[in-house]
Amino acid sequence: MSLLEIKNLHVEIEGKKVLNGLNLTIEQGEVHVIMGPNGSGKSTLTMSILGYPGYNITDGTITFARDNISSGTELNTMPIYERARLGISIAYQTPPEIRGVKLRDIIRIAGSHPLWNPHDEPEENVATPLLKKVGLNPEQFRDRDIGVGFSGGERKRAEIAQVFAAMPKLMILDEPDSGVDIDSLKTIAIDLGEYIKEHSCACLIITHYRHILPYLKPDIAHVMCGGKIMKSGNPFEIFTRIEEKGYCEYLGLCPPGIRDEIERGMEL
Amino acid sequence: MSWKEELTKKAVDAQNKPAKFGEDIDISRFKKETSDVSQVASMNRVADDIAENARSVGINPDEDNRSGTFFQLDHSVILACQKKEMEGVEVLSTTQAINQYDWLKDYYWKAAAVDADKYTSMTELHQNSGYFIRARSGARITMPIQACLFIGTQGLVQSVHNIIIAEEGSELHVIAGCTTHPSVSSGMHIGVSEFYVKKGATVTFTMIHGWAEDVDVRPRTGAIVEEGGTFISNYICFKPVRSIQMYPTASCVGKDARVRFHTLIYGSKNSLFDTGSRVFLQAEGSRAEMTARVIAADSSRIISRGHLIGEVSESKGHLECRGLLLSDKASIHAIPEIEGKASGCDLSHEAAVGKIQQAQLCYLMSRGLNEDEATALIVRGFLDPEIPGLPEHLKYEIKHTIEMTSEKVM
């Protein structure tokens, strides 16, 4: 059984069709890249996999199997937190700020640990090593409110610490390379690459750039447009061709109307 | 006319005067008299059911980490003592203090007006004691004094008059817990509290309310802060109540006086809160900071007021209210007011009221929490008491109390 199997997925947001029969299969330990112009449905795809409310599946299925022995579980109507507990974890592009909720506690929650209680655990020992691992000084960041006053790079690292804590079967990285300087990007990418290899964790990366790909060694890239995957293939070849030609010309077969959407740069 | 007679006359004149804010309560529907309860030697002689309830509002029945204890059950002061080793601090019933100290007339009703409304009037005319706490000049009482005002009789009105004096250069911390016996469902509490923070003195006052659901509460608080003095007042109420209306007021009368009000309210069921704080900045270099974090659940209604008055230049104040609505039937009305009366006073306010953002809930849920767990985490985070200026152990103590209270309620 494949880890994640998406068949003929149709999703609407407030009555508007965004995904139009998307198919995608990810096996255990595979690394997939998704790219596509703004408005092509990349975010909708991730939100639908995570189970966000408001993303209405009108047709098709999403199934997830913890390992290759057990049969897949249909996710379509499963609440967000149950999907997280099954082993799906995301590093958000722009996580919200939550005042009063400490970074150490959300890392602990992601790893199914109770909130930190100094009486039972004088030295915090769940979030601390993970913060170190992603290059955030635990002394400084343990007690910080989630996201409040974080720089772009700090935000990404904090997200990745939570993903590591969850030990997922499938990690989704939503633009892990946006708003991060080159040096930070490299260390983040190295961390991620090592983790993926070590835990043979499957990975779905949404990105517009190729910088982190050498560290993550993707198996395949998909190009989305108009709520579907239009092309799949060797990630480096696809990037090279898109960089040369842009999405429109590369895809060539954009149905009428979609091209306009691309040009309007509509963000969903 | 003696000073006492003058006060009585003023009080009589104000007997039917409604308060400016809050529902006008008919005091006559409450019982004024109840039987006396005899004194006890220490907190561990207080009946278990009473002690347990007191614990939920921050009163430590073992008296550990406390410099002294005051306990009033209905109208009877059953305990008023300070630990022997605590020099320079005094805990008495107000009734006894007035008999003992002639000079107390210079403080009595000087920070709060006896004729402010029918509740202050009631307190003067039918006073049921209250506490007198004094830190002598230079005494640093780092461990808090605990004071409990307890209603044990159904339908009783309890009206107390508290006086807290921190003499020059002293430091005093008070935890005041007010609650009712589990057998009590309705009643009324009127608490007049007067604070005198002398030159260079520091007072922190943390009041924790945990009333029964049909109790009306009308605290009346005034504070006078002298040169270089600091007054920090924390108010915490997480349990449902019929109504609470209060507007504690502090005046910075001396140079560099500082006042901080911090309010944490979790309104639930049909509770009606009309709370706020007011600071008069009357001397150069005086500073005030007021923050309120209020949550309205179920059908509760919260009015969160604040009033900053800058009367001199070189004074500074900030007022902040954040409200979180957990129900469509609940409401929060923030009314911040700032009033500058001198050029060079620096006053500001900010207020925000809203619901928990869906994005925050989904974020926490995608880390494995269900919706209720995620909501609870956000609510607790919202009420996280980051109160600057408190000693570390007191901060821990308050946090612990809040956690205990919130666990029971939320």
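- Between the A/Gln162 side chain and the B/Arg367 main chain, no donor and acceptor come within less than 3.5 Å of each other.
- Residue B/Gln357 does not touch chain A at all, counting heavy-atom pairs closer than 4.5 Å.
- Heavy atoms of other residues, nucleotides or ligands lying less than 6.0 angstrom from CG of A/Asn137 number more than 12.
- For chain B, the option among A/Pro53, A/Ala165, A/Gly51 with the highest count of heavy-atom pairs below 4.5 Å is A/Pro53.
- Across B/Ile378 and A/Val101, no two heavy atoms sit closer than the pair CA-CG2, 4.3 Å.
- Near-neighbour residues of residues 79-90 of chain A relative to chain B, defined by a heavy atom under 4.5 Å from a heavy atom of that chain, comprise A/Ile80, A/Tyr81, A/Ala84, A/Arg85, A/Ser89, A/Ile90.
- Residue B/Lys316 places its NZ atom among 12 or fewer non-hydrogen atoms of other residues, nucleotides or ligands, all under 6.0 Å distant.
- Only the backbone of B/Phe382 comes within contact range of chain A, with heavy atoms under 4.5 Å apart.
- Heavy atoms closer than 4.5 Å to chain B are found nowhere in A/Ile107, neither backbone nor side chain.
- In the displayed structure, A/Asn117 atom CG is contacted under 6.0 Å by more than 12 heavy atoms of other residues, nucleotides or ligands.
- Note that OH of B/Tyr363 is 10.5 Å distant from OG1 of A/Thr94, once rounded to the nearest 0.5 Å.
- Other residues, nucleotides and ligands place no more than 12 heavy atoms under 6.0 Å from the CE atom of A/Met167.
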Using the rule given for side-chain contact (heavy atoms from CB on, under 4.5 Å), can you reason through A/Ile109 versus B/Leu364, listing the C-alpha separation, both sets of side-chain angles and the distance that settles it, and then say yes or no?
CA-CA 9 Å; A/Ile109 286 167; B/Leu364 296 178; 5.5 Å; no
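- Contact annotation: the side chain of B/Leu377 never approaches that of A/Ile98 to less than 4.5 Å [non-hydrogen atoms, C-beta and beyond].
- With values rounded to the nearest 0.5 angstrom, B/Arg322 atom CZ is found 5.0 Å from A/Arg99 atom CZ.
- Summarising the geometry of B/Cys362 relative to A/Tyr92, their closest heavy-atom pair is O-OH, 4.1 Å, with the distance given to 0.1 Å.
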